[in-house]
Protein chains: 2
Amino acid sequence: MSRTAPTVALNRTDKPPRKAAQNERIYEDMFAAILEQRLAPGTKLSEDTLGEIFGVSRTVIRTVLQRLAHERIVQIHPNRGAFVSEPTPDEAHEVLQARRLIEEGIVRMAVRNQTPTGIRDLRRSVSAERQSLDKGNHEAWVRLSGDFHLKLAVIAGNETLAAYVKELVSRTSLIIVQYQKGNLSPCSCAEHTDIIEAIEGGNEEQAVALMQAHLQACEDQLNLSDTEPKADLYSIFSKPSVKSGEVA
Amino acid sequence: MSRTAPTVALNRTDKPPRKAAQNERIYEDMFAAILEQRLAPGTKLSEDTLGEIFGVSRTVIRTVLQRLAHERIVQIHPNRGAFVSEPTPDEAHEVLQARRLIEEGIVRMAVRNQTPTGIRDLRRSVSAERQSLDKGNHEAWVRLSGDFHLKLAVIAGNETLAAYVKELVSRTSLIIVQYQKGNLSPCSCAEHTDIIEAIEGGNEEQAVALMQAHLQACEDQLNLSDTEPKADLYSIFSKPSVKSGEVA
DNA sequence: TAAAAAATTATTGTATACAAAATAAATAAA
DNA sequence: TTTATTTATTTTGTATACAATAATTTTTTA
């Protein structure tokens with residue numbers, strides 16, 4: 001029963017909450033656990049196990065898993081179970097392409113829609129980002145790095161697009177885990193700062209160009225050419241039946 | 001029990017299916033029922049009732065409703081139930097704005113990615129659209145009109161963006177139901193045809209301009225200025241407590 | 001020993017039962 | 001008659017039980 005159990009502590013608050021928004025809390029916890037890489041891509045997410053961990057029945061776990069699946073962070077294989085998504089190289093390219101398109105629009109809208117409060121919030125986000133990088137807190141950095149893009153989307157003032165950006169940023173985190181070349185990418189704080197300044201200065205075209213370059217740099221840092229190491233090992237030793245066809 | 005029951009026939013096929021992908025079928029049926037306006041915005045979607053109609057338990061209905069809610073076609077109010085979405089004017093503007101942004105990108109990608117088969121498929125879609133319009137089959141026309149944009153997104157070759165377009169097209173249908181000024185909008189078949197020809201001719205900028213104009217025209221045909229008639233009636237007669245605060 | 005088949009175990013899919021919340025109805029007070 | 005309050009009913013939220021499917025182990029056979 002505890003074979004597929006992630007040994008990581010998932011639930012931050014163990015106090016029995018007054019019923020309401022229970023699944024929301026569990027969703028947040030699992031979302032964070034995946035994005036902060038405490039749950040690696042490919043990990044099986046057993047309903048029973050998660051139910052025990054969070055002290056609820058499978059019913060509510062199921063709801064959360066379905067939500068995460070719709071956001072593409074989790075992949076559900078019928079009759080097989082839910083797994084943390086393992087994005088393919090194609091998917092990775094798609095996500096970054098979608099981000100270049102949508103975030104170009106976000107930047108343009110942010111230039112028109114900006115407020116001093118919003119800009120201050122962005123700067124605070126970047127400084128938190130730099131701090132976590134200095135401390136070597138990789139997990140926090142990944143999260144905060146995404147926060148910048150989320151905040152920008154909020155400033156732009158279109159909730160629908162902001163929701164898409166949230167999804168795409170999450171998926172990007174998973175992609176980076178799987179495909180980043182070097183150990184740690186050269187800090188993108190400077191790029192974020194440059195974007196803020198272009199926006200603040202009302203220089204729309206420059207802000208757009210900077211964002212495009214930033215996202216392109218992000219994709220260029222990935223190693224999307226060859227397949228993942230696991231399958232490689234098998235093909236290297238020329239074993240006939242590769243068993244890792246779970247998440248195609 | 002049958003008070004909130006939609007009297008419309010929702011299930012096309014009553015034969016007991018061999019278990020698999022049962023919720024998928026129910027999802028498709030409900031999706032179509034909403035988009036073809038057999039289920040009007042604001043309609044309560046009772047779990048018990050739907051369960052009886054489709055011959056399944058609330059469990060599977062719940063799954064479907066949650067999926068539709070994630071796609072913003074249905075709105076779930078905690079402890080109150082699920083309702084067909086009634087998009088606000090703000091939301092309507094957001095959706096059309098998002099479409100202008102995303103479908104501009106779609107058009108550009110479609111120009112680069114086009115194939116003769118794809119173009120033929122598009123033309124077939126438009127001709128089906130025109131036929132249903134000639135026949136006065138409004139429901140079919142709404143659906144086919146959206147199909148054009150969906151097919152274009154598929155040609156563009158980015159599944160993530162295609163999924164977003166699908167969502168936005170669905171929401172647009174709901175918006176049109178609520179806010180379209182005249183009874184029937186001037187046929188957009190011509191505009192669709194023009195877009196196809198610009199794409200086929202490789203004229204990217206023109207194709208983009210046509211798409212932008214098309215979507216702007218769609219928004220311009222809406223009456224987003226004043227609130228919906230229901231609330232107006234109450235305010236006209238200056239009754240104090242308006243009870244229609246369901247879907248804010 | 002190795003491969004195939006059968007039986008066992010575990011896990012997901014679905015239905016049902018019960019608890020909590022919200023709505024509707026009925027009664028009481030102004 | 002209208003408004004408040006209480007009671008009853010309906011409906012959603014959650015847990016649990018059972019069925020169906022997939023994974024694992026054991027047994028059989030070559």
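Lettering of chains follows the sequences in order, A, B, ..., and the numbering in each one begins at 1.
- As rounded to whole Å, 17 Å separates atom P of C/dA21 from atom CD of B/E47.
- Across D/dA22, D/dT12, D/dT14, the shortest atom-to-atom separation from the side chain of A/Q22 is found for D/dT14.
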Determine whether A/R67 and A/N23 satisfy the following criterion, side chain to side chain contact (heavy atoms under 4.5 Å, CB included), listing intermediate values before the conclusion. CA-CA 10 Å; A/R67 178 170 170 192; A/N23 55 11; over 6 Å; no
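- Separating the CG atom of B/D48 from the P atom of C/dA17 is a distance of 13 Å, rounded to the nearest angstrom.
- Ring pair A/H77/A/F83 is perpendicular by interplanar angle, where above 60° counts as perpendicular and below 30° as parallel.
- Out of D/dT12, C/dA15, C/dT12, the shortest distance to the side chain of A/N79 is found at C/dT12.
- Side-chain contact of B/S225 with B/N223: a donor-acceptor pair under 3.5 Å is present, judged by distance alone.
- Judged purely by distance below 3.5 Å, without hydrogens or angles, the side chains of B/E71 and B/Y27 pair a donor atom with an acceptor atom.
- Distances were taken from every side-chain heavy atom of A/S57 (C-beta onward) to each of D/dA15, C/dA22, C/dA17; the shortest belongs to D/dA15.
- Between the CZ atom of B/F83 and the P atom of C/dT23 there is a distance of 8 Å, given to the nearest Å.
- A/K44 places its NZ atom 9 Å from the C1' atom of D/dA23, with the value rounded to the nearest Å.
- Between the CD1 atom of B/I61 and the P atom of D/dT11 there is a distance of 15 Å, rounded to whole Å.
- Mapping A/T59 and A/P78 onto DNA chain D via the closest heavy atom, the residue that lands nearer the 5' end is A/T59.
- Across every strand in view, C/dA30 sits in a pair with D/dT1 that passes the Watson-Crick or G-U test at under 3.5 angstrom.
- Here the C1' atom of nucleotide C/dA15 and the CG atom of B/L50 are 17 Å apart, to the nearest Å.
- Computed from coordinates, the A/Q75 CD to C/dT12 P distance equals 16 Å when rounded to whole Å.
- Here the side chain of B/R80 is nearest to one of C/dA15, C/dT23, D/dT12, namely C/dT23.
- Taking atom CG of B/N23 as the reference point, atom P of C/dT12 lies 16 Å away to the nearest angstrom.
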A/H149/A/T172 under side chain to side chain contact (heavy atoms under 4.5 Å, CB included): CA gap, chis, key distance, verdict: CA-CA 12 Å; A/H149 294 267; A/T172 304; over 6 Å; no
